[in-house]
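Naming convention: chains lettered A, B, ... in sequence-line order (proteins, then strands); numbering from 1 in each chain.
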Protein chains: 2
Amino acid sequence: MASATLESPGKPDGVVGTLASSVYDMMRKDILKGDLPPGEKLRVEYLRDRYGVGASPIREALNRLSVDGVVVRVDQKGFRVAEVSVAELDELIKTRCWLEETAIRESIAAGDDAWEERLVLAFHRLSKTPRSADQVTYAMNPDWEVLHRAFHLALIGACESRWLISYCEQLNDLADRYRQLAAYPRRNELDEHKAIMDAAVNRKPDDAVEVLVDHYRRTADIIRDSVDQIS
Amino acid sequence: MASATLESPGKPDGVVGTLASSVYDMMRKDILKGDLPPGEKLRVEYLRDRYGVGASPIREALNRLSVDGVVVRVDQKGFRVAEVSVAELDELIKTRCWLEETAIRESIAAGDDAWEERLVLAFHRLSKTPRSADQVTYAMNPDWEVLHRAFHLALIGACESRWLISYCEQLNDLADRYRQLAAYPRRNELDEHKAIMDAAVNRKPDDAVEVLVDHYRRTADIIRDSVDQIS
DNA sequence: AATGCATAAAATATCGATATTTTATTGACG
DNA sequence: CGTCAATAAAATATCGATATTTTATGCATT
């Protein structure tokens, strides 16, 4: 953990947009995957070194991240990576289940063929991608993570509310952070993902909700002990 | 409108916290009540004059506001006040109804005596406060607005999810912005607020949801034409 | 040993200058 | 008249210095 924290993950070469936005993206990723661990003080001077930019873009990114929920801002005391806890995990999952129930019901009700096709493709791509980057020992596969996120967002993509989608995105990312932080066993969720997709495509909202909620709760159950130890 | 835009609403004298936070609060209020109108370009040089602080705190505040949904940020092009539209209003109200349905059901289920008492007091204070600042012509009463917000947040305060509460807060504020921007007739919502409170306190979730949703939709109906004209 | 105070060191937040990018303007050409 | 290119003006974004605040340290007192 210490070496992961101190090692610079790279500089914003080939900058697109602004330095502040690049730093925001990089820092956000580092926090969500645990490279910047829960509770860590985010000192501007250290971050300048780590990301290779000046204090202003760093502070701008930190301000944005603080509204995202991954960074905690205290006036005059600076910024800190948001803590994790079992209570927080449970509240997060509970809220996620509420909101995604609404979102998936609305998507099933309003979703057209295009939505179905996006969902089917998202599942297909996810199912073709190895869950683990290593065949012997579980190792996080970044490709799978990207496709996994896309699959879950495709499920709710037809709910016709950018607000609800953005809230679900936020809760998704925060929940995934817990998964990255926890000791996660080899587990293949393929059948669960397929059951969710089938229920959605077959326009069975009650089934979809039940399987989806079960999926999220099961994940939380698996990682709960581990979260208790890192918090 | 032009004079309201150009007139400085005050400087951060007696700064508490940081300049960035003070500017954030002031600018947020100015946007929500329409003093900084929809679509307006937020030029840093102008805001420096208006709020009397340097570019850095201005940019920091703008970055935070951009995640709030009241400001739109485009890299290399700066910041602009978020636009309004009828479609946006409808999506907002729809989402608000979904989320507050969940929040009020959960609050009714989990809320203890303390929650009831907070709600009863919030209603009481709201009912004692004149809806309009002027007895002849409707004029926005800031005191009523503060208590109105508190009442609605008290309703959902026992839902046991800080995420859901913060989303409802955001949607509440954005919906209230529409009310401030629109030509709003003299209307007294006292009976509606009472019906909502009674249903909640009497632990009747279906009634509470129905009256609450009706309340929000009615407001949207009242202001829709006016919103169409300012957007 | 615990508490309080003063001072030094470290960190946070802001300022103003300046580098970079976008927008506006003007003139040439078809 | 419309389009394109060049240039100037305006605006955005960043830098590094510095003012302000917080934290750490050392010493004295109870």
Side-chain angles (χ1 to χ4, degrees), chain A residues 5-6 8 10-28 30-31 36-37 39-68 70-83, chain B residues 5-6 8 10-28 30-31 36-37 39-68 70-83:
Chain A
T5 306
L6 293 177
S8 172
K11 312 289 173 108
D13 41 320
V15 170
V16 177
T18 62
L19 290 184
S21 287
S22 296
V23 170
Y24 167 86
D25 290 338
M26 287 192 285
M27 212 181 315
R28 184 178 158 81
D30 286 346
I31 292 169
L36 289 173
E40 172 131 333
K41 185 73 173 69
L42 295 167
R43 288 185 314 106
V44 172
E45 222 33 54
Y46 164 70
L47 296 174
R48 287 187 55 167
D49 262 358
R50 182 181 177 114
Y51 298 111
V53 300
S56 303
I58 295 279
R59 290 190 57 85
E60 290 198 14
L62 286 170
N63 273 284
R64 284 163 57 187
L65 290 165
S66 75
V67 186
D68 272 0
V70 296
V71 165
V72 175
R73 178 186 55 80
V74 179
D75 277 359
Q76 300 296 347
K77 294 192 178 189
F79 302 82
R80 189 174 290 279
V81 178
E83 306 262 10
Chain B
T5 306
L6 295 177
S8 173
K11 312 290 172 111
D13 42 320
V15 171
V16 177
T18 62
L19 289 183
S21 287
S22 296
V23 170
Y24 166 86
D25 289 338
M26 287 193 285
M27 212 181 315
R28 182 178 159 80
D30 287 346
I31 291 170
L36 290 172
E40 172 132 330
K41 185 74 172 67
L42 296 167
R43 289 185 315 105
V44 173
E45 227 27 57
Y46 163 71
L47 296 174
R48 286 186 55 169
D49 262 359
R50 184 183 175 110
Y51 297 110
V53 300
S56 303
I58 295 280
R59 290 190 57 83
E60 290 197 17
L62 287 170
N63 272 285
R64 284 163 58 186
L65 289 165
S66 75
V67 186
D68 270 2
V70 295
V71 165
V72 175
R73 176 185 57 80
V74 179
D75 277 0
Q76 301 294 351
K77 294 192 179 190
F79 302 81
R80 190 174 289 280
V81 178
E83 306 262 11

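- One interatomic measurement links the two molecules: CG of D49(A) to C1' of dA11(C), which rounds to 15 Å at whole-angstrom precision.
- Contact annotation: R73(B) does not reach the phosphate of dT12(D) (side-chain N/O to OP1 or OP2, under 4.0 Å).
- Out of dT14(D), dT12(D), dT23(D), the shortest distance to the side chain of V44(B) is found at dT12(D).
- Once rounded to the nearest 0.5 Å, the distance linking CZ of R73(A) with OG of S21(B) reads 4.0 Å.
- Regarding R48(A), its CZ atom lies at a distance of 8 Å from the P atom of dC15(D), rounded to whole Å.
- With values rounded to the nearest 0.5 angstrom, D75(B) atom CG is found 4.0 Å from T18(A) atom OG1.
- The C1' atoms of five pairs define one axis at each end of the helix from dA1(C)-dT30(D) to dG30(C)-dC1(D), and these two axes lie 30° apart (to 10°).
- In this structure, the separation between CG on D25(A) and CZ on R64(A) is 7.0 Å, given to the nearest 0.5 Å.
- In this structure, the CG atom of L47(A) is 14 Å from the P atom of dC15(D), given to the nearest Å.
- K41(B) approaches R80(B) most closely through the heavy-atom pair CD-NH2, 3.4 Å.
- Separating the CZ atom of R80(A) from the C1' atom of dT22(D) is a distance of 13 Å, rounded to the nearest angstrom.
- In this structure, the nucleotide among dA11(C), dT14(C), dC15(D) sitting nearest to the side chain of R43(A) is dA11(C).
- As judged by a 4.0 angstrom heavy-atom cut-off over every strand, A55(A) is placed among residues making no nucleic acid contact.
- For Q76(B), counting side-chain heavy atoms from C-beta on, the closest listed nucleotide (dT22(D), dC15(C), dT22(C)) is dT22(C).
- R48(A) places no side-chain N or O within 3.5 Å of a backbone atom of G54(A) that could act as its donor or acceptor partner.
- For the pair K41(A) and dT12(C), the criterion of a side-chain N or O lying under 4.0 Å from OP1 or OP2 is met.
- For the side chain to side chain contact (heavy atoms under 4.5 Å, CB included) test with V23(A), the passing option among I58(A), L47(A), L62(A) is I58(A); the others fail.
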Verdict with reasoning, F79(A) to N63(A), per side chain to side chain contact (heavy atoms under 4.5 Å, CB included): CA-CA 9 Å; F79(A) 302 82; N63(A) 273 284; 4.0 Å; yes
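- Toward the 5' end of DNA chain D, the nearer of the two residues G54(A) and K77(A), judged by each one's closest nucleotide, is G54(A).
- Residue E60(B) has its side chain nearest to dT14(C) when only dA11(D), dT14(C), dT23(C) are considered.
- With rounding to whole Å, E45(B) atom CD is found 10 Å from dA10(D) atom C1'.
- Among the nucleotides dT14(D), dT12(C), dA13(C), the one closest to any side-chain atom of T18(B) is dA13(C).
- Taking only side-chain atoms of L19(A), from C-beta outward, the nucleotide of dT14(D), dT14(C), dT22(C) with the closest atom is dT14(D).
- In this entry the distance linking CG of L62(A) with P of dT14(D) reads 14 Å, nearest Å.
- For Y24(B) and dA13(C), the OH to P distance is 16 Å, given to the nearest whole Å.
- For the residue pair V81(B) and L36(B), the shortest heavy atom distance occurs at CG1-O, 3.7 Å.
- Look at CD1 on I58(A): it is 15 Å from P on dA11(C), rounded to the nearest Å.
- For R59(B), the listed nucleotide lying nearest its side chain is dT14(D); candidates were dT23(C), dT14(D), dA11(C).
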